[in-house]
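Right, one structure below, let's go through it.
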Amino acid sequence: MKNTLNFLIPGIINQVFYLLLQIVLKLHEQIMIKITFPDKSVREFEKGITALEIAKSLSNSLAREVIAATVNGDIWDATRQIETDASLKLHKFDDSEGKHAFWHSSAHLMAQALQSLFPGIKFGIGPAIENGFYYDVDPGEGKQITEADLVKIEAKMKEFSVASEVYNRRLVTKDEAISFFSKKGDEYKVELISELEDGTISFYTQGDFTDLCRGPHLPDTSHIKAIKLLSIAGAYWRGDEKRRMLTRIYGITFPKQKMLDDYLVMLEQAKERDHRKVGKELELFTFSQKVGAGLPLWLPKGAQLRERLENFLKKIQRKYGYEPVITPHIGQKELYVTSGHYAKYGKDSFQPIRTPQEGEEFLLKPMNCPHHCEIYNSKQHSYRDLPIRYAEFGTVYRYEQSGELHGLTRVRGFTQDDAHIFCRPDQLKDEFTKVIDIVLYIFKALDFNDYTAQISLRDPNDKSKYIGSDENWEKAENAIIEASAEKGLKTVTVLGEAAFYGPKLDFMVRDAIGRKWQLGTIQVDYNLPERFELEYTGADNLKHRPVMIHRAPFGSMERFVAVLIEHTGGKFPLWLTPDQAVILPISEKYEEYAQKVSDFLNNSDIRTLIDLRNEKIGKKIRDNELKRIPYLLIVGEKEMESNTVSVRKQGDGDKGSMKLDEFAVFIQNEVNKLLEAIDSK
Ligand SMILES: [Zn+2]
Ligand SMILES: [Zn+2]
């Protein structure tokens with residue numbers, strides 16, 4: 001009996017202990033959550049903890065920089081409580097989500113200042129944009145906000161920022177939301193709310209200002225340390241010109257004063273480099289209201305520059321097996337109905353051109369691809385003929401809203417450096433690699449050294465919205481991923497960003513003053529081969545569909561020249577620049593000699609000008625430096641007697657005197673050196 005007891009007691013204790021352990025574990029489960037960090041490490045925290053508190057547990061300095069957080073894929077306020085196991089990514093100002101939340105919060109801060117300075121003001125929308133934010137406001141009947149008010153508004157914003165006011169989030173019902181803004185008299189907000197679904201509406205309040213917003217926002221206003229309101233413009237409510245014109249106030253803010261100072265310097269530089277300004281100074285292009293808005297006219301120097309760029313690309317394309325084709329500027333409406341472009345561009349673009357023939361309609365071409373498909377279809381192809389690469393500098397026309405037009409970057413007629421590659425699925429990777437080679441060659445030649453590439457793939461959770469077989473998609477996506485990796489590209493991969501007809505690769509370049517531009521797209525297409533019933537005969541003697549690749553390394557000549565101007569500030573590489581040297585006679589006496597120099601250099605294929613103005617040599621030097629001509633050649637008595645020129649290099653000062661043939665060789669060497677450096681890649 002004693003023995004049995006001895007045996008049983010530990011057994012009971014064990015069971016009790018086990019039960020207690022279960023309870024503790026259960027309790028633990030109820031009060032603890034698992035947080036997974038981007039590096040896949042997992043830590044436990046108490047339920048209801050915020051991203052900000054988690055940051056604090058890691059380091060105080062990190063916590064001071066945290067702006068928002070991505071929790072299970074959704075962007076949240078850093079101060080929102082996390083109740084379940086979650087993946088967590090903290091955002092600081094240096095990532096795009098952080099900037100977005102920062103600038104969005106700044107829009108609220110500006111609105112708070114506006115409400116305090118202009119009682120009765122009504123608010124439209126106030127989003128974050130690529131650089132900063134804006135708010136569309138209605139100051140009320142007969143009232144106005146002007147540039148002169150900006151300083152006052154900035155000062156008020158600073159006052160509220162120092163007050164360190166917390167951005168409080170609160171969920172509201174639709175009725176509550178409508179009643180709040182109706183009472184306040186904010187009819188624009190009421191209109192916005194009326195389109196929202198009940199149960200999804202949140203308010204944010206800082207100080208005495210409440211806004212309708214999805215968030216996320218900064219923990220409090222004190223993060224906004226440097227503020228600059230930049231400009232004021234008019235903007236129709238909801239972009240509709242039949243509705244009221246609101247006042248749009250643009251601003252930008254930063255967490256540090258130094259960042260704002262740098263940004264303002266960059267803005268000044270950007271103004272100096274604005275391609276519309278430089279294009280005028282260098283006489284590259286112009287616009288005429290008579291010809292029509294958004295239709296650029298290339299002036300002689302611009303046309304020559306563009307031609308050199310085209311020749312440069314044609315040369316490399318020849319090397320890579322492209323064949324030139326030429327197609328007309330219009331096509332029958334049916335062509336674009338077949339291609340699907342009519343459905344996409346028809347209604348909102350240039351309307352059909354009619355002819356005396358009843359029912360006959362043509363369209364200005366919005367894309368070159370349909371024409372190239374018909375060229376492909378003009379004969380039979382075997383698998384041995386592929387790949388086929390048709391290239392054309394093809395001009396296309398798209399109707400952009402007049403408010404959207406901007407210099408050469410947003411126009412209504414532009415010339416794409418277009419090409420279409422028709423290949424077998426097994427050739428995709430090789431073709432992709434070659435196109436990447438061409439793009440990188442161009443970047444190198446034109447000194448774009450800082451670039452990244454974005455790989456856009458389909459949404460793996462919703463394959464139904466894409467055309468083409470699973471197998472083909474996989475092949476194409478892998479081709480892009482592998483080709484990019486082999487070329488050592490810095491890439492970001494975005495799921496769900498592919499077009500419905502195929503995955504693509506886009507290049508983003510950073511220019512000399514740090515701005516990003518999209519240049520160069522390579523797009524796989526399974527759609528047009530289907531629509532145009534493109535075929536080739538396979539080794540199996542059966543008919544197959546080729547895959548099509550659209551690619552335009554420059555994008556368009558217009559846009560590319562604009563970016564190049566803004567990147568170089570108009571100081572083009574020597575091989576490309578419109579005028580390589582300008583001859584400056586010291587006085588009238590040396591004009592004849594200047595002409596002789598010019599003839600000699602032009603015969604040596606060096607592009608020169610003579611400045612025959614009756615001006616002092618100092619002024620001639622200054623004026624021509626402004627024209628960004630790389631070499632200034634000064635000629636006077638001494639030069640004429642010794643058959644020389646005095647050479648000044650733009651930005652590099654005096655290079656001494658050179659014999660004419662010596663200078664010609666000098667320039668040719670410099671050009672060759674540049675081109676060889678590119679070719680040696
Ligand atoms: Zn907001
Ligand atoms: Zn195309």
Side-chain angles (χ1 to χ4, degrees), residues 67-68 75-80 97 99-112 123-129 132-136 165-170 177 189 192-193 196 201-206 209-221 223-224 251 253 322 325 327 331 335-336 339-341 344-345 365-376 388-396 398 414-422 435 499 501-502 504 520-529 531-532 534 546-556:
I67 288 173
I75 303 185
W76 278 21
D77 300 321
T79 50
R80 193 160 152 191
E97 292 91 344
K99 277 193 183 71
H100 191 270
F102 193 93
W103 285 331
H104 202 144
S105 308
S106 304
H108 287 235
L109 182 66
M110 180 169 78
Q112 186 186 2
F123 296 95
I125 55 162
I129 53 178
F133 57 90
Y134 68 76
Y135 220 121
D136 285 348
E165 280 161 342
V166 173
Y167 289 92
N168 277 313
R169 176 176 183 271
R170 147 172 100 88
K189 294 285 178 193
L192 292 174
I193 296 164
L196 295 176
I201 304 170
S202 55
F203 277 3
Y204 277 87
T205 303
Q206 90 274 13
F209 177 77
T210 296
D211 208 344
L212 164 76
C213 191
R214 212 174 305 147
H217 296 103
L218 286 165
D220 64 67
T221 56
H223 289 252
I224 305 171
T253 52
Y322 287 72
V325 294
T327 64
L335 176 70
Y336 306 106
S339 71
H341 291 116
K344 186 162 182 246
Y345 294 105
K365 73 173 163 186
M367 295 278 233
N368 300 304
C369 348
H371 295 246
H372 292 187
C373 285
E374 282 305 287
I375 293 179
Y376 180 91
I388 288 171
R389 310 176 189 93
Y390 294 140
E392 175 178 21
F393 287 89
T395 306
V396 296
R398 296 177 199 166
F414 53 96
T415 302
Q416 295 179 312
D417 55 322
D418 213 358
H420 296 97
I421 300 167
F422 303 89
V435 180
Y501 51 85
K504 63 174 175 165
T521 293
I522 316 174
Q523 166 89 57
V524 179
D525 187 351
Y526 292 110
N527 181 38
L528 287 185
R531 285 173 171 263
F532 281 92
L534 307 185
V547 191
M548 197 169 165
I549 300 174
H550 311 250
R551 44 107 279 178
F554 291 159
S556 76

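Both ligands and their constituent atoms are indexed starting at 1 by order of listing.
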For the Zn ion (ligand 1), check which protein N, O or S atoms are under 2.8 Å away and list them. His104 NE2, His108 NE2, Cys213 SG, His217 NE2
Validation row: Ile421, Met548 side chains within 4.5 angstrom (heavy atoms): no
Taking the basic N atoms (NZ, or NE/NH1/NH2) and the acidic carboxylate oxygens, is any pair closer than 4.0 Å for Arg551 and Asp418? no
Expected output: side-chain Asp525 to main-chain Val547 donor-acceptor under 3.5 Å: no
Please confirm whether the ring centroid of Tyr376 lies under 6.0 Å from the ring centroid of Phe422. yes
Aromatic ring proximity Tyr390/His420, centre distance under 6.0 Å: no
Could you check, using the six-membered ring where one of them is a Trp, whether Phe414 and Phe554 have ring centers closer than 6.0 angstrom? no
Classify the ring geometry between His108 and His104 as parallel (under 30°), tilted (30 to 60°) or perpendicular (over 60°). tilted
Could you identify the N, O or S atom of His550 positioned closest to the Zn ion (ligand 2)? ND1
If the cut-off is 2.8 Å, does any N/O/S atom of Cys369 fall short of it from the Zn ion (ligand 2)? yes
